[in-house]
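Proteins come first, then strands; the chains are lettered A, B, ... in the order of their sequence lines, and each starts at number 1.
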Protein chains: 2
Amino acid sequence: MHLQDRWKLIIDELNHDRVTSVDELTERLGVSPATIRRDLNELHELGHLLRVRGGAMRIEGKHFSGKPAADDRRTQGLQGQSSFLDSSIVNAAAKHAIARTALDYLKPGASMIIDGGTTTFTMASLMANESYHVLTTSIPILQRLLDRSKVRVTLPGGELFREQRIILNPYEDGMLQNFSAARIFIGCQALTKNGLMQSDTLLVQSERRLIERADQVIVLADSSKIDAPASLSVCPLSMIDVVITDDGISQAAKGWLEAAGITVRIASVEAEDIKATEASKR
Amino acid sequence: MHLQDRWKLIIDELNHDRVTSVDELTERLGVSPATIRRDLNELHELGHLLRVRGGAMRIEGKHFSGKPAADDRRTQGLQGQSSFLDSSIVNAAAKHAIARTALDYLKPGASMIIDGGTTTFTMASLMANESYHVLTTSIPILQRLLDRSKVRVTLPGGELFREQRIILNPYEDGMLQNFSAARIFIGCQALTKNGLMQSDTLLVQSERRLIERADQVIVLADSSKIDAPASLSVCPLSMIDVVITDDGISQAAKGWLEAAGITVRIASVEAEDIKATEASKR
DNA sequence: TATGATTCAATCATAATCGATCACGGACGC
DNA sequence: GCGTCCGTGATCGATTATGATTGAATCATA
């Protein structure tokens, strides 16, 4: 019984029952309450469930009972709403590693833009409570940052788009005009030779604007996104500075990314371990 | 049997029965009356039911047939927001009645501004899913309106102020400039002859701007707010069009409000229902 | 208005749960 | 073989929920 197996079973359990308890999971998974608590806390941190006293509760909007594939694909586009059913646990691990690696590019005092998306959402979840200044259009990320007391959060004005869970002003820039960020962290539907791709028109609009306000563009994309199908181009490769991905990327893909002048950063599980080690030394 | 389970069962019970008693819940859930009372009080404070002597009553217009999801989301949305809802339980019934009465002033298609605050938050909770257009600076209200698919929600851009849970741009109007609302629904710290009062400088700033963008100003203030102490004036009485309060308001206060040209609307606290409830139990 | 019954909030004692910490044991590389 | 590292389980003090008790408040009835 490994960590990933347990996590999957816990999520399954919550997809079935609205709430579950530490005791129940202890019995069902055959591990100690301490381990269950650790798992629940971590899953809570990553936004996959809601920790409550005595157990955990499902996050509404993450429950797709019975209807497997079709729904899951649909939810992939939803900001911060991906359930474990969308992508394999392995993929989640990759996203986690990528998000952690992205943290290297933060430094206290810096301004940054964080776009909506599952990986950037994970990144926001892992962010330390430091004196960052974050601009985001994503409601889930806003919620995540609510309890980081040192993080300044700015929202551009606009209208709420429920499906994407973003705030967007189609007509003017509003707050954006005054905001200038050192970096933008951005997810995507796909990354191809044509550039950064999305499949949602609204996202394209939103992201094009955001990219303009940042000096450096950092793309968070797990390797399944590379050369994946998507219809709309947000920006060409030439505008991208860094791509953070996992070790599933092909040499060929790495090649044409670097040929476009992009720094390709590979977040492996080992790299994550190293980071954890370094962190614990301090 | 944990808190979340009990709460769900209590809400289910009310969805089925409209009223329920402490005794009945005690027996059905197998916990002590003390726990039931605590639960009912908390649920009342969170706006999920109406506490009455001996038990609890369903909030009219808040019946979520069969599907637990709707209720769960509400319960969930309130996690970690108890600091936001720190009003006394005594006034909760009044606030609820006031919020309900305020709904009379809505009509589909209308634009409105909803200010932050406990009473306006309750109002947003009770709002039907109609084609309203709402501008708000309040994060909790935004969260509440997330699942009202027909309601257009607009946010002014700006920075997050955690303590007040609002988005505010101290320097410019942003989206506000383009927004024009038929009405603004606004809460307050106090309502005196000097006008609408707050005690938080940020709120004053924010509210002054909002009031300017609305044709009609509707104040939601339970009677304890009348002539209560507060230091900062948001606007004079002359700018207020309607005050919705409960029947605890004194004749004198009603007098000087009406003398200022204000329509005073008194929301009945459903006293009849409560009496009928108790009678039917015996 | 007076009285008894019921309900209530406040208080305290107990039990459950939690997070932090340490110890054990297997996996892995040297 | 040997040590290091990570995940797990166990322990302990602290926190939090629950249940019982009590006196006050509220209500129904006379």
Show, in sequence, the C-alpha distance, side-chain angles and deciding distance for A/Leu220 and A/Ile186, and conclude whether the side chain to side chain contact (heavy atoms under 4.5 Å, CB included) test is met.
CA-CA 6 Å; A/Leu220 280 60; A/Ile186 194 167; over 6 Å; no
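Take the nearest nucleotide of DNA chain C for B/Ala34 and for B/Asp23: the residue whose nucleotide is more 5' is B/Asp23.
Put simply, the residue from A/Thr136, A/Ile218, A/Val134 that forms a side-chain contact (heavy atoms from CB on, under 4.5 Å) with A/Met112 is A/Val134. Each of A/Thr35, A/Asp39, A/Leu40 was checked for a side-chain contact (heavy atoms from CB on, under 4.5 Å) with A/Val22, and the lone residue meeting it is A/Leu40.
Regarding contacts with the backbone of D/dG9, every side-chain N or O of A/Arg38 stays at 4.0 angstrom or more from both OP1 and OP2. Using a 4.0 Å cut-off, some side-chain N or O of B/Arg51 falls inside it from OP1 or OP2 of C/dC8. Contact annotation: B/His2 does not reach the phosphate of D/dT18 (side-chain N/O to OP1 or OP2, under 4.0 Å). For the pair B/Arg37 and C/dC8, the criterion of a side-chain N or O lying under 4.0 Å from OP1 or OP2 is met.
As rounded to whole Å, 12 Å separates atom C1' of C/dT17 from atom CG of A/Asn41. Nucleotide C/dA9 holds its P atom 12 Å from the CD atom of B/Glu42, rounded to whole Å. Between B/Arg53 atom CZ and C/dT7 atom P there is a gap of 7 Å when expressed in whole angstrom units. Per the geometry, CZ belonging to B/Arg6 stands 12 Å off C1' belonging to C/dA16, to the nearest Å. Taking atom NE2 of A/His44 as the reference point, atom C1' of C/dT17 lies 16 Å away to the nearest angstrom. Taking atom CG on B/Asp5 and atom P on C/dT17, their separation rounds to 12 Å, with Å as the unit. If you measure from atom CH2 of B/Trp7 to atom P of D/dA17, you get 10 Å, rounded to the nearest angstrom. Atom CD1 in A/Ile36 sits roughly 13 Å away from atom P in D/dA10 (whole-Å rounding).
Within the shown strands, C/dT1 is the pairing partner of D/dA30 under the Watson-Crick or G-U definition, both distances less than 3.5 Å.
Between the OG1 atom in A/Thr120 and the CE atom in A/Met127 there is a gap of 12.0 Å [rounded to 0.5 Å].
Looking at A/Arg28 and A/Glu24, a side-chain N of the basic residue comes within less than 4.0 Å of a carboxylate O on the acidic one, giving a salt bridge.
Across C/dG19, D/dG19, D/dG9, the shortest atom-to-atom separation from the side chain of A/Thr35 is found for D/dG9.
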